[in-house]
Amino acid sequence: MTEFLSSAELLAQVENEEALSLVDTYLMRNYGSPKDVVVSGNGSYLRTASGREILDFVSGIAVCSLGHAPDVVAEAISEQSHKLIHTSNYFANEIAPKVAFLIDTLIRGTSAKDDNQGRVFFSNSGAESVEAAIKLARRIKGPSATKVVALNGAFHGRTLGALSATGQPSKQIAFEPLVPGFIHVDDKDIYAVETAFKGGDVCAFITEPILGEAGIYPTSSDFIHQVHSLCQQYGVLFIVDEVQCGFGRTGTWFAHQRWGILPDIITLAKSIASGYPVGATWARGEYGRAFLPGDHGSTFGGSPLAMASALATISALIDADACGMATTMGKLLRDGLSNLDGVKEIRGEGLLLGVELEDSIAGQLGEMTFARGLFVNVIGDYILRLAPPLTVNAQEIEHAISIISDCLSTLRYSITTI
Ligand SMILES: Cc1ncc(COP(=O)(O)O)c(C=O)c1O
């Protein structure tokens, strides 16, 4: 056994090793190879260990909406960490109910304490917010209705329940058997939804407003209205997964608000706390009172530090007019990209955009833009996902468009001349 006297001595053994080689040696291989090692971030830019500045049009996958390391959040975290980091749920803290109040108000568009006034359960991630939603739906409907209807192509997370709700076999097969009782239907297949509901054993329907991980496919509004009517007719709960779309990214506080429907349960995470791990499950009115003491919990969920990060983030998003920023800058980005040769279609809303290419060159394009200092997210062979910070400015957007445009022309030229 290795003898060591202090942590400093122990860490000295790896001091001179490259970070990427340490990653390769000590971390599990569930992610692809990292693109680089980043050491800091500021606004829309990341800085690598070698000092490169990268314009980040992914923002931690729709997490860092206020840009990297926003002062207001860093200060809130720092201040709170000197006061109290963690207690346990045997104690309340003063911050969590204020965060829940803001979330409830943004969801309902009012702070009135009417029948729909909601309640929130705090966890630590999107997957956990989905797990809580599924358990809550089962709690509400009881043992005779335990099934959940979800969409093919949807993504709801990697824990077993959330993975079972996910409609992507490639992510599921290695982990079968999944949790039973999940029925997947195609977007627009209202017949399949009604057939499932007629069985009488479905507790909930769950959907993302825009299928994000699948390639930014907005769910059909007509279909959703039909599903919502069927939910009311058959007494099925209507759950919306706003983990990726929430908090202004698509130009409304929550993307489902375009449908004019108030969901029964909503799942949230990602941009809620600028990168501090926070998940939240909101439920309206009586549904928010369905969990009984002991039904569900989380050691870290709703901790003072997590809540300070969320309170600072959500307050800053409100004060900076997150929805307005996403709408204005999203239009600039969309307009600039839609004129480029080689772009087939732009999907999405606000600053959550999917750029579908005419040729299967998304991977090469992503590599090439990265070499030019722009990070975009590649989904499959044809699609780029763009989710810059909502605080991105016009100059940064024009710079990104010009890099994508140059790289796209170079790649297309090389295809046509082969
Ligand atoms: C719509 C949606 N739901 C759930 C999740 C899972 O979130 P997390 O990775 O925080 O568990 C994601 C993550 O990408 C997501 O996009």
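As the structure lists them, so they are numbered: ligands from 1, and atoms in each ligand from 1.
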Centre-to-centre under 6.0 Å for Tyr45 and His68, is that the case here? no

Can you name the residues that come within less than 4.0 Å of ligand 1, going by heavy atoms only? Ser125, Gly126, Ala127, Phe155, His156, Gly157, Glu208, Glu213, Asp241, Val243, Gln244, Lys270

Neighbour count above 12 (heavy atom, 6.0 Å) for Asn42 CG: no

Are the charged groups of Lys171 and Glu213 less than 4.0 angstrom apart, N to O? no

Derivation and outcome, salt bridge (charged side-chain N to carboxylate O under 4.0 Å, His left out), residues Asp295 and Lys135: CA-CA 9 Å; Asp295 273 352; Lys135 278 181 70 176; over 6 Å; no

Salt-bridge test for Arg372 and Asp406: reply yes if a basic N is under 4.0 Å from a carboxylate O, no otherwise. yes

Only counting residues at least two apart or in another chain, list the ones meeting side chain to side chain contact (heavy atoms under 4.5 Å, CB included) with Arg334. Ile346, Leu353

